[in-house]
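Each chain gets a letter, A, B and so on, in the order the sequences are listed, and its residues count up from 1.
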Amino acid sequence: MTVRTRFAPSPTGHVHIGNIRAAIYNWLFARRAGGKYLLRIEDTDRERSTPEAVEAVHAALRWLAIEPDEPPMYQSTRREAHLAAAEKLLSSGRAYREDKGGTGKGECVIFRMPGTDMRFHDEIKGDLVKPAADLKDFVIVRSDGSPVFHLANVVDDIAMGVTHVIRGDDHIENTYRHVALFEALGAPAPRYAHLPMIVNAQGKPYSKRDGAAYVGEFRERGFLADALFNYLALLGWSPGGDRELLSRAEMIELFDFARVQSSPAQFDLRKLLWMNGEYMRRLPLAEREAQHLADLARHGLAPADTAYARRVFEIMGDRIKLFTDTAAQTVYFFTEDYPVDDRAFRKAMAREGAQEHLAEIARRLATAPSFAAADLENLVRAYGEERGVKIGQLVHPLRAAVSGTDVGPGLFEMLETLGRERVAARIARALDRARALAAPAHD
RNA sequence: GACCCCAUCGUCCAGCGGUCAGGACAUCAGGUUUUCAUCCUGGAAACACGGGUUCGAUUCCCGUUGGGGUCGCCA
């Protein structure tokens with residue numbers, strides 16, 4: 001029997017990280033078993049299942065590169081099959097019609113539970129049992145003639161030949177019903193694996209209130225798909241030992257339900273951030289460029305000279321942890337209209353002799369034979385020794401003067417990249433600014 | 001409330017009867033660096049509790065406590 005798993009989201013416009021983790025496990029398990037991973041869009045809620053909402057599902061899967069191996073099934077197209085199954089259950093006596101609760105809404109179709117204790121084996125939770133007394137009959141077709149989730153879900157799983165149902169453990173109670181439905185429909189029940197929830201710091205189901213909760217948000221925030229995949233895969237599953245950074249091939253190789261946690265896992269954005277950084281630095285510079293450039297463009301800073309931009313990214317090293325941070329961290333390389341961190345600027349200029357040193361260094365820079373980083377460093381160091389001043393006293397004001405901030409790449413690489421003219425102009429402007437700050441306030 | 005599930009550092013995991021209880025993130029203290037980031041070194045930090053079983057329990061069993069889930073003509 002070849003393994004067939006499925007991800008069956010109902011399109012709501014967003015794909016929650018808990019759901020996508022279920023998709024990841026379905027994908028991993030199918031790959032590991034050499035089987036197929038399928039997609040079924042449960043779009044029976046016409047209100048919410050808009051084309052945009054459906055597209056959001058596809059977009060999320062595409063981004064994470066876990067698209068289905070076969071064309072997706074759209075549940076809304078399966079109504080006839082669902083109803084036919086209900087008829088079959090009606091004629092075999094496994095279901096009956098009734099105006100449940102005497103609502104006056106008319107008769108609905110109700111599935112008759114077998115009346116015996118039910119049990120099933122869960123790959124993650126173990127053997128689960130429920131006494132007959134706790135298993136009540138339930139509606140499978142509403143009085144308005146529409147099929148209910150349980151019926152549709154089971155009928156479609158049969159149609160798709162699903163062998164393993166891997167989903168959130170909020171479905172555990174439903175599983176007894178589903179198993180009974182499979183049996184009544186004369187189909188073998190699939191194997192089940194119920195995943196624990198992803199929770200917040202309070203132990204409650206992780207929701208939008210707790211921060212980014214949807215796949216699209218992580219994408220927009222500049223996270224790498226592979227990093228999110230890796231993080232989510234390890235949130236509740238471990239390959240054993242101390243391994244954390246794994247390629248997809250390795251995860252497929254190692255995936256096993258026996259190593260899936262059966263207790264809830266708390267989502268930790270800081271660890272995701274760290275992991276994203278790890279993936280980021282492993283990315284070839286060439287691949288990073290497009291992303292950095294895209295962020296600059298988003299902020300209206302698209303550089304005319306990409307070779308120059310490339311140098312900027314290079315000297316930034318691994319300081320940029322998120323592609324959405326590129327513009328913010330490199331503005332001053334791409335415009336003269338960059339923000340100045342007032343606190344950092346004042347602090348740097350308050351150093352003893354800062355302005356005097358700056359003015360003299362500017363003079364020497366203007367006539368420096370070379371503007372290469374190493375030569376600039378020698379120049380500044382020489383000046384420092386000459387005046388008996390520690391280099392830090394010179395470097396900090398210089399940095400603040402040319403970048404408006406106190407963080408960034410190595411100062412001399414920065415000066416070289418910025419170029420002689422801009423450095424000169426900025427130092428002059430910074431000196432004016434410093435003088436203005438020092439001048440007594442008047443109104 | 002009923003039924004079910006769960007329980008190792010703050011967090012995610014390792015451990016599958018005998019370990020100085022390990023790693024990662026976060027955190028703290030140093031070091032390297034012109035800043036930041038990186039990097040290096042070191043520290044603090046956990047087996048919820050009570051009974052069993054056993055020569056021996058973090059590990060197996062049962063309770064307690066705590067947390068979570070489910071109880072729709074939603075999915």
Side-chain angles (χ1 to χ4, degrees), chain A residues 8-12 42-45 47-49 75 98-101 103 105-110 122 124-126 128-131 133-136 138-150 152-153 167-176 194 196-199 201-205 231 234-245 258-259 261-275 277-278 281 316-321 329 344 347-348 377 380-381 384 390-400 403 405-414:
Chain A
S10 57
T12 59
E42 306 212 325
D43 56 349
T44 50
D45 181 341
E47 289 287 302
R48 290 194 297 177
S49 301
Q75 193 160 65
E98 183 185 294
D99 177 4
K100 192 184 178 199
T103 59
K105 281 191 282 187
E107 293 191 322
C108 54
V109 180
I110 297 175
D122 190 280
I124 296 169
K125 309 275 183 183
L128 267 13
V129 190
K130 198 90 169 171
D134 293 336
L135 267 9
K136 297 211 275 284
F138 58 97
V139 176
I140 53 176
V141 179
R142 301 186 186 85
S143 52
D144 66 3
S146 61
V148 166
F149 162 74
H150 305 293
N153 196 268
R167 61 192 355 175
D169 67 7
D170 48 330
H171 279 298
I172 284 186
E173 305 292 329
N174 290 333
T175 305
Y176 298 99
H194 285 96
M197 323 212 81
I198 291 179
V199 300
Q202 286 71 240
K204 303 285 185 187
Y231 178 73
L234 257 52
L235 193 58
W237 168 68
S238 152
D242 296 330
R243 312 192 57 186
E244 297 201 297
L245 261 9
R259 288 188 163 285
Q261 214 71 16
S262 56
S263 51
Q266 194 167 309
F267 185 81
D268 183 1
L269 186 65
R270 288 179 301 193
K271 186 149 187 178
L272 204 212
L273 232 25
W274 163 77
M275 194 171 274
E278 293 296 313
R281 76 169 65 181
M316 284 302 288
D318 50 19
R319 290 177 177 77
I320 303 173
K321 291 289 198 303
Q329 288 186 40
K347 190 178 171 198
E377 178 159 7
V380 173
R381 282 189 189 282
K390 292 181 74 176
I391 190 156
Q393 294 298 311
L394 309 174
V395 155
H396 298 293
L398 232 191
R399 176 184 293 283
S403 74
T405 173
D406 56 2
V407 301
L411 176 67
F412 304 106
E413 284 73 28
M414 189 165 102

So which protein N/O to nucleotides 23-29 of chain B N/O distances come out below 3.5 Å?
unit_1	atom_1	unit_2	atom_2	d
B:G23	O4'	A:Asp242	OD2	3.3
B:G23	N2	A:Glu244	OE2	3.4
B:A24	O4'	A:Glu244	OE1	3.1
B:A24	O2'	A:Glu244	OE1	2.5
B:A24	O2'	A:Lys271	NZ	3.4
B:A24	N3	A:Lys271	NZ	2.9
B:C25	OP1	A:Trp274	NE1	3.3
B:C25	O2'	A:Lys271	N	3.4
B:A26	O2'	A:Arg270	NH1	3.1

B:A2 - base-pair partner by Watson-Crick or wobble geometry, distances under 3.5 Å: B:U70
A:Asn153 and A:His150 side chains, donor-acceptor separation under 3.5 Å: no
Between N or O atoms, less than 3.5 Å apart, protein on one side and nucleotides 68-72 of chain B on the other: list the pairs.
unit_1	atom_1	unit_2	atom_2	d
B:G68	OP1	A:Lys204	NZ	2.4
B:G69	N2	A:Glu173	OE2	3.3

Phosphate OP1/OP2 of B:C36 contacted by A:Gln329 side-chain N/O (<4.0 Å): no
Integer-rounded Å distance: B:U11 C1' and A:Gln261 CD: 13 Å
Nearest-angstrom distance, P atom, B:G31 to B:A24: 22 Å
Whole-Å distance separating the CH2 atom of A:Trp237 from the P atom of B:A14: 11 Å
Sugar-phosphate, base or nothing in reach of A:Ile172, heavy atoms under 4.0 Å: nothing
B:C3 versus B:U11 - spacing of their P atoms, nearest Å: 30 Å
A:Arg243 side-chain N/O to B:G22 phosphate OP1/OP2 under 4.0 Å: no
Span that lies between the C1' atom of B:C13 and that of B:G1, in whole angstrom: 36 Å
Check: B:C5 base within 3.5 Å donor-acceptor of A:Ser262 side chain: no
Nucleotide nearest A:Val148 (side chain, heavy atoms from C-beta), chosen from B:A75, B:C39, B:G15: B:A75
B:A46 versus B:U41 - spacing of their P atoms, nearest Å: 23 Å
